[in-house]
Amino acid sequence: MNDNDVQKQIQQMVRFIRQEAEEKANEISVSAEEEFNIEKLQLVEAEKKKIRQEYERKEKQVQIQKKIEYSMQLNASRIKVLQAQDDLVNSMKESASKELLRVSGHHHNYRELLKELIVQSLLRLKEPALLMRCRKDDVHHVHHVLHSAKEEYTEKDGVHTPEVIVDSIHLPPAPSHHDTHGLSCSGGVVLASRDGKIVFENTLDSRLDVAFRKKLPQIRKQLFGSVAA
């Protein structure tokens, strides 16, 4: 074999090796591109999943916030309704309180009322000796009916006539426009045992409070319906 044949054989071997190398390089390139595309697709899907989860989380937060805001607005509306109802009921009580001021203006009727309040108080306490307190303006009315009130009590209860002392300390006067927040009394009496341990408040204001509390469910039902009551 001469040199030319040797060179040809070497060149053929080189071409063969180069061809194999190029084919192997192409295979590696194709495989790498496939792996890259797969990994890229996986990364894209993972990012999409994260984005969907983040969107769902934020959407859930928005829904929760909407529910909270709706609940707050609903509660605020209910509070306003309840406040308006209370204001209306309280205005009715204030109107009734103003009407009480007229009671003592009718002297004859008021004296009869005082007598009934005294008899009722005596029957409630059933004490042989009592201290009675009234408004300063009512002292003369009380003295006018006290004797007949004690007699009526004695007849009803069948006991000895009790000793009743009208206290020199008086109940507060009727409410005035000059002092709307001060202590006041629209009329009536307060009786207590001589030792002060038993007290029965039988003023017009206290009776209004009792009647108001007793009738409040019925008042609310008539004004606002069974749900509000």
Side-chain angles (χ1 to χ4, degrees), residues 85-223 229:
Q85 291 179 356
D86 286 341
D87 291 343
L88 178 58
V89 171
N90 289 331
S91 68
M92 292 179 61
K93 186 179 179 182
E94 289 179 5
S95 298
S97 297
K98 292 178 181 178
E99 289 296 322
L100 288 181
L101 298 177
R102 301 182 181 182
V103 174
S104 60
H106 304 282
H107 292 174
H108 177 73
N109 294 335
Y110 183 54
R111 283 182 177 179
E112 286 299 314
L113 177 60
L114 281 174
K115 177 185 173 182
E116 293 176 6
L117 293 175
I118 293 171
V119 172
Q120 185 184 53
S121 302
L122 293 173
L123 290 169
R124 180 65 63 88
L125 294 176
K126 295 183 180 296
E127 290 288 319
L130 299 114
L131 187 67
M132 180 166 58
R133 189 171 292 180
C134 63
R135 299 186 307 180
K136 187 176 181 180
D137 291 343
D138 293 342
V139 172
H140 62 291
H141 294 309
V142 167
H143 282 299
H144 188 271
V145 299
L146 182 55
H147 179 71
S148 59
K150 290 193 294 183
E151 285 187 342
E152 184 175 333
Y153 162 70
T154 301
E155 291 176 3
K156 286 184 176 182
D157 206 43
V159 296
H160 294 293
T161 303
E163 180 185 0
V164 180
I165 297 177
V166 181
D167 198 351
S168 58
I169 299 175
H170 305 112
L171 297 178
S176 64
H177 299 292
H178 303 290
D179 186 11
T180 56
H181 299 289
L183 294 175
S184 62
C185 178
S186 300
V189 294
V190 175
L191 271 76
S193 58
R194 193 61 59 87
D195 57 10
K197 292 182 179 180
I198 306 175
V199 178
F200 182 59
E201 187 174 353
N202 211 8
T203 63
L204 300 185
D205 306 274
S206 64
R207 294 181 69 88
L208 175 62
D209 289 337
V210 171
F212 186 78
R213 287 195 300 270
K214 185 177 179 181
K215 294 292 185 180
L216 185 57
Q218 182 179 347
I219 293 172
R220 286 187 173 277
K221 185 174 181 180
Q222 289 180 346
L223 288 176

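Here the structure is a predicted model, which means the values were calculated and not measured.
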What verdict does the side chain to side chain contact (heavy atoms under 4.5 Å, CB included) test give for Asp157 and Leu122, after you've listed the backbone C-alpha separation in whole Å, the side-chain angles of each residue and the deciding distance to 0.1 Å? CA-CA 9 Å; Asp157 206 43; Leu122 293 173; over 6 Å; no
Which atom pair, heavy atoms only, marks the closest approach of Asn202 to Ser121? ND2-OG, 3.1 Å
Which pair of heavy atoms, one from Leu171 and one from Gly188, lies closest together, and at what distance? CD1-O, 4.0 Å
If the condition is salt bridge (Lys or Arg N to Asp or Glu O under 4.0 Å), which residues does [X] pass it with, not counting sequence neighbours?
{"X": "Lys136", "answer": "none"}
{"X": "Arg133", "answer": "Asp167"}
{"X": "Arg194", "answer": "Glu163"}
{"X": "Arg207", "answer": "none"}

If we ignore hydrogens and angles and just use 3.5 Å, is the side chain of Ser193 paired with the main-chain N or O of Ile198 as donor and acceptor? yes
Is there a donor-acceptor pair under 3.5 Å between the side chain of Asp205 and the backbone N or O of Ser186? yes
Side chain to side chain donor-acceptor pair (under 3.5 Å) filter on Lys215, not counting sequence neighbours, yields none
For His106, all residues meeting side chain to side chain donor-acceptor pair (under 3.5 Å), sequence neighbours excluded: none
Quick check for you: to the nearest 0.5 Å, what is the distance between [X] atom [atom1] and [Y] atom [atom2]?
{"X": "His140", "Y": "Cys134", "atom1": "NE2", "atom2": "SG", "result": "9.5 Å"}
{"X": "Leu114", "Y": "Met132", "atom1": "CG", "atom2": "CE", "result": "8.5 Å"}
{"X": "Tyr153", "Y": "Lys115", "atom1": "OH", "atom2": "NZ", "result": "15.5 Å"}
{"X": "Gln85", "Y": "Leu223", "atom1": "CD", "atom2": "CG", "result": "8.5 Å"}

Residues which pass side-chain contact (heavy atoms from CB on, under 4.5 Å) with [X], listed by chain and number, not counting sequence neighbours:
{"X": "His144", "value": "Arg111"}
{"X": "Val199", "value": "Val190, Ala192"}
{"X": "Ser104", "value": "Tyr110, Arg135"}
{"X": "Asn90", "value": "Asp86"}

Do Val164 and Ile118 touch side chain to side chain, with heavy atoms closer than 4.5 Å? no
Find out whether Leu117 and Leu204 are in side-chain contact, i.e. whether some heavy atom of one side chain is under 4.5 Å from a heavy atom of the other. yes
List the atom pairs, with distances to 0.1 Å, where a side-chain N or O of residues 92-101 and a protein N or O form a donor-acceptor pair under 3.5 Å, not counting sequence neighbours.
unit_1 : atom_1 : unit_2 : atom_2 : d
Lys93  : NZ     : Asp209 : OD1    : 2.8
Ser95  : OG     : Ser91  : O      : 3.0
Ser97  : OG     : Lys93  : O      : 3.0

Under the ring-ring contact (aromatic ring centres under 6.0 Å, His included) test, which residues partner His107, sequence neighbours left out? His141
Is it true that, when you exclude His160 itself, more than 12 heavy atoms of the residues, nucleotides or ligands shown sit nearer than 6.0 Å to its NE2? no
Side chains of Glu151 and His147: any donor to acceptor distance under 3.5 Å? yes
